[in-house]
Amino acid sequence: VRRAAAVGLAWCVAMGLLWQPVRAAGLHVPVAVYSLALGLSLFAALSVVPAGHFGRVRARACAWAMVLFVLCDITVATGAALAGTLAGRIADAATGIFYTPSLVLLALSAREEVPR
């Protein structure tokens, strides 16, 4: 729950800071709709751990994968909203830091046994 709250807060702060550039680009409606879908996906992934649908290791891998994916999307939104600026370039460069581990953890969460 704390992890979901922290990531949700990070997303809200990022969107609050980026709202004007996103709105100026005409992307506020798609970003709002996508944010809702992303938030529901994060909630579902974090619910897997307490629900006990998977083994504990697989459930944690799934939850962390989604947390990292949300953080990745924050960098994507930042890069798009601040394109052509130093902050936008830094955000673009940071995207892979979250995206790659997210995909690896997601793939591992689908396996019967997650290597430790």
Side-chain angles (χ1 to χ4, degrees):
V1 173
R2 288 187 308 241
R3 189 177 5 201
V7 173
L9 179 62
W11 182 256
C12 289
V13 168
M15 288 300 97
L17 293 172
L18 298 173
W19 188 250
Q20 289 303 327
V22 167
R23 187 175 174 95
L27 295 173
H28 57 288
V29 173
V31 167
V33 171
Y34 180 73
S35 294
L36 177 61
L38 191 64
L40 292 173
S41 296
L42 176 63
F43 177 78
L46 293 173
S47 297
V48 170
V49 175
H53 293 302
F54 298 141
R56 189 157 182 81
V57 174
R58 287 176 63 200
R60 284 181 176 250
C62 179
W64 274 108
M66 196 60 210
V67 166
L68 291 170
F69 190 79
V70 169
L71 293 172
C72 169
D73 274 5
I74 290 171
T75 63
V76 170
T78 303
L82 302 177
T85 67
L86 177 61
R89 288 190 295 277
I90 291 171
D92 286 341
T95 298
I97 293 170
F98 299 111
Y99 187 65
T100 302
S102 173
L103 291 181
V104 170
L105 286 172
L106 187 60
L108 289 174
S109 73
R111 294 177 48 132
E112 283 299 316
E113 289 291 323
V114 176
R116 294 182 190 206

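In this structure, the side chain of Ser35 engages the main chain of Val31 through a donor-acceptor pair within 3.5 Å. Counting only distance, with no hydrogens or angles, the side chain of Arg58 and the backbone of Ser109 share a donor-acceptor pair below 3.5 Å.
Pairing each heavy atom of Ala65 with each of Ser102, the nearest pair is O-OG, 2.8 Å. The two residues Gly79 and Ala91 make their nearest non-hydrogen contact at N-CB, 3.6 Å. Ala81 and Leu18 get closest at one heavy-atom pair: CB-CD2, 3.8 Å.
Hydrophobic clustering places Tyr99 together with Met66 (ILVMFWY residues linked when any side-chain heavy atoms are closer than 4.5 Å, directly or through intermediates). There is a path of hydrophobic side-chain contacts, each under 4.5 Å, that joins Tyr34 to Leu82. Taken together through direct or relayed side-chain contacts under 4.5 Å among Ile, Leu, Val, Met, Phe, Trp and Tyr, Leu106 and Val57 form parts of separate hydrophobic clusters. Put simply, Val76 and Ile74 are part of two different groups of oily side chains (I, L, V, M, F, W, Y) that touch within less than 4.5 Å, one to the next. Linking ILVMFWY residues whenever their side-chain heavy atoms come closer than 4.5 Å, directly or via other members, places Leu103 and Leu71 in the same cluster.
Note that the CG atom of Asp73 and the CZ atom of Phe69 stand 4.5 Å from one another [nearest 0.5 Å]. Within the model, atoms CD1 of Ile90 and CG of Leu86 stand 4.0 Å from one another, a figure rounded to the nearest 0.5 Å. The SG atom of Cys12 sits 11.0 Å away from atom CG of Leu17, with the distance rounded to the nearest 0.5 Å.
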Can you check side chain to side chain contact (heavy atoms under 4.5 Å, CB included) on Leu46 and Leu42, steps first, answer last? CA-CA 6 Å; Leu46 293 173; Leu42 176 63; 3.7 Å; yes
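Taking the side chain as every heavy atom from C-beta outward, Asp92 and Thr75 never approach each other to under 4.5 Å.
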